[in-house]
Amino acid sequence: MLTREMERELVRWAVDARKRAYAPYSGFAVGAALLAHDGRIFTGCNVENASYGLTVCAERVALFKAVSEGAQEFVALAVACGQDVCAPCGACRQVLYEFSPHLLVIMADGEGKTWRTAHLSELLPHGFGPDHLRG
Ligand code: THU
């Protein structure tokens, strides 16, 4: 459970990260900010490529940065993009589910004026995770 002020703070980080998006092909800039259990915040932006399919979404950039820095448990993710609020794509939902099936997802517009929240388990019901491989 995050206070409204904590949500706002994480959205601010996502909006700031969005400014660093490399999106010359789609023109669609996305920013993400991932709050770890230990209080650290990891940011990400989408990074596109001339070979379009190699593009990596902002959420996954944030997650991979976090894991590579030793964080594996997460409380909340804010994502900021576009005119209206948007939700993480299916691939990002799956990758986030690996670490935090109950993650709070804060979906904001590109300027962080409005946002709504949902838990990852709502966005990816019956998700496939590490437990399924254990028998
Ligand atoms: N994108 C993200 O960064 N996150 C999402 O959840 C959806 C899509 C990016 C990928 C691509 O650079 C651009 O938005 C348009 O699809």
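We count ligands from 1, going down the list as the structure has it; atoms in each ligand are counted the same way.
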**OP:** Just do the side-chain contact (heavy atoms from CB on, under 4.5 Å) check on L133 and F128 with the steps written out, would you?
**Re:** CA-CA 9 Å; L133 295 175; F128 182 81; 3.8 Å; yes

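- Of all the atoms in ligand 1, the ones that sit under 4.0 Å from a non-hydrogen atom of E48 are 11 (C), 12 (O), 13 (C).
- Using a 4.0 Å cutoff on heavy atoms, P88 counts as a contact of ligand 1.
- At least one N or O atom of A58, backbone or side chain, sits closer than 3.5 Å to an N or O atom of ligand 1.
- Protein heavy atoms are found less than 4.0 angstrom from atom 12 (O) of ligand 1.
- By the 4.5 Å heavy-atom criterion applied to side chains, L35 and L77 are not counted as neighbours.
- At a cut-off of 3.5 Å, with distance as the only test, no side-chain donor of E7 or T117 sits close to an acceptor on the other residue.
- For ligand 1, the atoms sitting less than 4.0 Å from at least one non-hydrogen atom of E59 are 2 (C), 3 (O), 4 (N), 5 (C), 6 (O), numbered in the order shown with element in parentheses.
- Between L2 and I106, some side-chain heavy-atom pair lies under the 4.5 Å cut-off.
- Near C89, with a cut-off below 4.0 Å to any heavy atom, the atoms of ligand 1 are 5 (C), 6 (O).
- In terms of protein heavy-atom proximity, atom 9 (C) of ligand 1 is nearest to N46 ND2, 3.5 Å.
- Side-chain contact between Q94 and L124: present, with at least one pair of heavy atoms (C-beta onward) separated by less than 4.5 Å.
- Per-residue contacts place C57 under 4.0 angstrom from the following atoms of ligand 1 (heavy atoms of the residue considered): 1 (N), 2 (C), 3 (O), 4 (N), 5 (C), 8 (C).
- Judged by distance alone, the side chains of T114 and D109 do bring a donor and an acceptor atom under 3.5 Å apart.
- Among all non-hydrogen protein atoms, the one lying nearest atom 10 (C) of ligand 1 is T55 CG2, 3.9 Å.
- In terms of protein heavy atoms, atom 16 (O) of ligand 1 is closest to F28 CD2, 4.8 Å.
- Numbered from 1 in the order shown, with element, the atoms of ligand 1 that lie under 4.0 Å from a heavy atom of S26 read 13 (C), 15 (C).
- In this structure, R40 forms no cation-pi arrangement with W13, as its terminal cationic atom is not both closer than 6.0 Å to the ring centre and no more than 45° off the ring axis.
- Using the six-membered ring where Trp is involved, Y25 and Y52 have ring planes that are tilted, between 30° and 60° apart.
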